[in-house]
Peer 1: 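Shown below is the structure under consideration.
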Number of protein chains: 2
Amino acid sequence: MPKTIDTAARREEIAEALWAVARDRGVSAVSVRSVAEEAGVAVGSLRHVFPTRAELIQFSAELMTRRVEERIKAEASRPGDEPAESALRVLRHLLPLTEESRAEMEVNLALFAEAPANPGIRTVRDAAYRDLREVCRLVVRRVRGCTSAAFGDGPGEDEPEARRLHALLDGLALHLLADDGERADAEVLRVLRAEIEALAD
Amino acid sequence: MPKTIDTAARREEIAEALWAVARDRGVSAVSVRSVAEEAGVAVGSLRHVFPTRAELIQFSAELMTRRVEERIKAEASRPGDEPAESALRVLRHLLPLTEESRAEMEVNLALFAEAPANPGIRTVRDAAYRDLREVCRLVVRRVRGCTSAAFGDGPGEDEPEARRLHALLDGLALHLLADDGERADAEVLRVLRAEIEALAD
DNA sequence: AGTGTTGTGACACAGTTGTGCTAGAAAAGT
DNA sequence: ACTTTTCTAGCACAACTGTGTCACAACACT
């Protein structure tokens with residue numbers, strides 16, 4: 001048997017190269033060639049792992065949401081101190097507050113925007129949407145003391161609050177992209193903190 | 001003097017063609033040629049009015065925000081009945097609830113996402129951001145009874161509430177793009193109504 | 001009717017795009 | 001050492017991109 005590379009790892013490297021291209025030169029600059037160059041591989045090698053452009057794009061989008069999800073899950077499963085504080089710590093990870101997560105968010109938005117035209121992206125987006133809503137549900141229940149329906153993951157009676165938190169979160173994230181600077185960061189965090197405190201009644 | 005066409009009108013027609021292309025085939029399908037064909041004019045004619053692609057894109061973005069702004073202004077200047085009801089009526093116009101405004105929002109988002117790479121779009125986006133924030137400020141003051149600082153348009157003490165309303169609004173709009181259907185529409189409106197009522201204390 | 005400006009449409013050109021194809025390099029098995 | 005399969009790297013092609021150029025049609029004026 002011949003030489004074998006770690007296909008999964010290679011795919012992730014290339015996906016990260018795609019993010020870099022999208023971040024630095026805009027989504028419209030994402031092409032098989034530009035991504036391959038950024039990743040430091042030949043186009044042929046890239047196409048060995050992603051036979052077609054659509055697969056490349058879709059995988060990159062999937063990986064992005066998966067990374068965010070892992071980050072959230074890791075933070076959420078930490079030993080819970082005060083619920084409100086813990087909630088804020090979790091939700092912070094969904095805001096573009098660092099240079100890295102800012103770039104991430106920009107790519108995320110760009111892919112999101114491309115969804116109407118790309119069915120593959122669309123399913124990724126929809127899954128991410130549902131997952132984030134679920135995170136919001138959990139946070140809402142946790143903050144509200146909430147022994148209610150302890151593990152019914154379905155859309156319980158906290159649904160309006162979850163929807164609201166979800167929307168607020170995405171809205172704040174969006175605004176941090178347009179309105180950068182430390183002042184905006186601080187104000188956004190204040191709004192988020194207030195929302196969580198209001199949730200606890 | 002030779003034949004003269006209504007340049008302004010022609011530009012708007014072409015911009016609308018751009019929206020249609022972006023909506024139906026995605027932003028990546030927007031090219032001088034595709035837009036010209038959609039508008040039913042020759043590339044040369046298009047380029048007579050938009051010498052370069054960048055100008056075409058930028059104008060289309062500007063026109064979009066201008067249209068929304070006009071719609072809002074028209075609604076806001078209607079004789080004010082109950083403040084809360086009036087506020088809801090105004091803010092509805094910022095949500096993609098109709099097929100038309102949904103397409104509008106999709107294009108808006110796509111252009112928004114392209115901003116990091118395109119300085120021209122960026123200034124349009126920033127202006128739209130500021131304007132919408134101002135609308136939110138006015139709504140907040142109006143709903144809160146609010147004789148306070150009657151015409152200070154600066155960021156008064158209601159700033160956190162305005163920022164929050166603004167974020168919530170954009171978040172809800174974003175979600176309506178991913179989560180269509182009448183149920184989502186109704187729930188989003190409920191969340192918005194609740195926010196306005198909470199604002200009035 | 002003539003004239004000069006404005007709008008139109010076509011062509012060309014250099015660059016980029018995605019993808020098909022193929023020849024060779026690399027390495028794990030015998 | 002040989003074979004076999006994976007991987008790499010490049011070429012080629014047709015389609016598309018933005019833009020420069022230019023001849024011509026259309027029309028408002030004198």
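Chain letters run A, B, ... following the sequence lines, proteins first, then strands; residues in each count from 1. What's counted below: heavy atoms across the whole structure, side chains too, no hydrogens, waters or symmetry copies.
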Peer 1: Any donor and acceptor pair, going by atom type alone, linking the side chain of A/Arg71 with main-chain N or O of A/His93 inside 3.5 Å?
Peer 2: yes
Peer 1: Step by step, work out the side-chain contact (heavy atoms from CB on, under 4.5 Å) result for A/Leu109 and B/Leu109.
Peer 2: CA-CA 8 Å; A/Leu109 180 64; B/Leu109 179 64; 3.3 Å; yes
Peer 1: Do B/Glu161 and B/Arg144 sit within salt-bridge range, that is, some charged N less than 4.0 Å from a carboxylate O?
Peer 2: yes
Peer 1: Tell me whether the OP1 or OP2 atom of D/dG18 has a side-chain N or O from B/Thr52 closer than 4.0 Å.
Peer 2: no
Peer 1: Going by an N to O cut-off under 4.0 Å, is there a salt bridge joining A/Glu159 and A/Arg163?
Peer 2: no
Peer 1: What is the distance from CG of A/Leu46 to P of D/dT6, rounded to the nearest Å?
Peer 2: 19 Å
Peer 1: Are a donor atom and an acceptor atom from the side chains of A/Tyr129 and A/Arg133 found within less than 3.5 Å of each other?
Peer 2: yes
Peer 1: D/dC7, D/dT19, D/dA9: which one has an atom nearest the side-chain heavy atoms of A/Ala42?
Peer 2: D/dA9
Peer 1: From CZ of A/Phe50 over to C1' of C/dG18, roughly how many Å is that when rounded to an integer?
Peer 2: 16 Å
Peer 1: B/Arg10 side chain N/O closer than 4.0 Å to the phosphate oxygens (OP1, OP2) of C/dT6?
Peer 2: no
Peer 1: Output the rounded distance in Å from CD (A/Glu55) to P (C/dG18).
Peer 2: 14 Å
Peer 1: Distance check needed: D/dT5 C1' versus A/Ile5 CD1, whole Å only.
Peer 2: 14 Å
Peer 1: Please give, in whole Å, the distance from C/dT19 C1' to A/Leu56 CG?
Peer 2: 14 Å
Peer 1: A/Ser45 side chain N/O closer than 4.0 Å to the phosphate oxygens (OP1, OP2) of D/dA9?
Peer 2: yes
Peer 1: Under 4.0 Å, heavy atom to any atom of DNA chain D: which of residues 11-41 of chain A qualify?
Peer 2: A/Arg33
Peer 1: Strictly below 4.0 Å, N to O, side chains only: are B/Arg164 and A/Glu187 in salt-bridge contact?
Peer 2: no
Peer 1: Is there a donor and acceptor pair closer than 3.5 Å between the side chain of A/Arg47 and the base of C/dG20?
Peer 2: yes
Peer 1: Decide if atom CD of A/Glu100 counts as having more than 12 heavy atoms of other residues, nucleotides or ligands within a radius under 6.0 Å.
Peer 2: no
Peer 1: Rounded to the Å, how far apart are A/Asp6 CG and C/dA27 P?
Peer 2: 16 Å
Peer 1: If I take atom NE2 in residue A/His48 and atom P in nucleotide D/dT8, what distance separates them, rounded to the nearest angstrom?
Peer 2: 7 Å
Peer 1: Using whole Å, report how far CD of B/Gln58 lies from P of D/dG18.
Peer 2: 16 Å
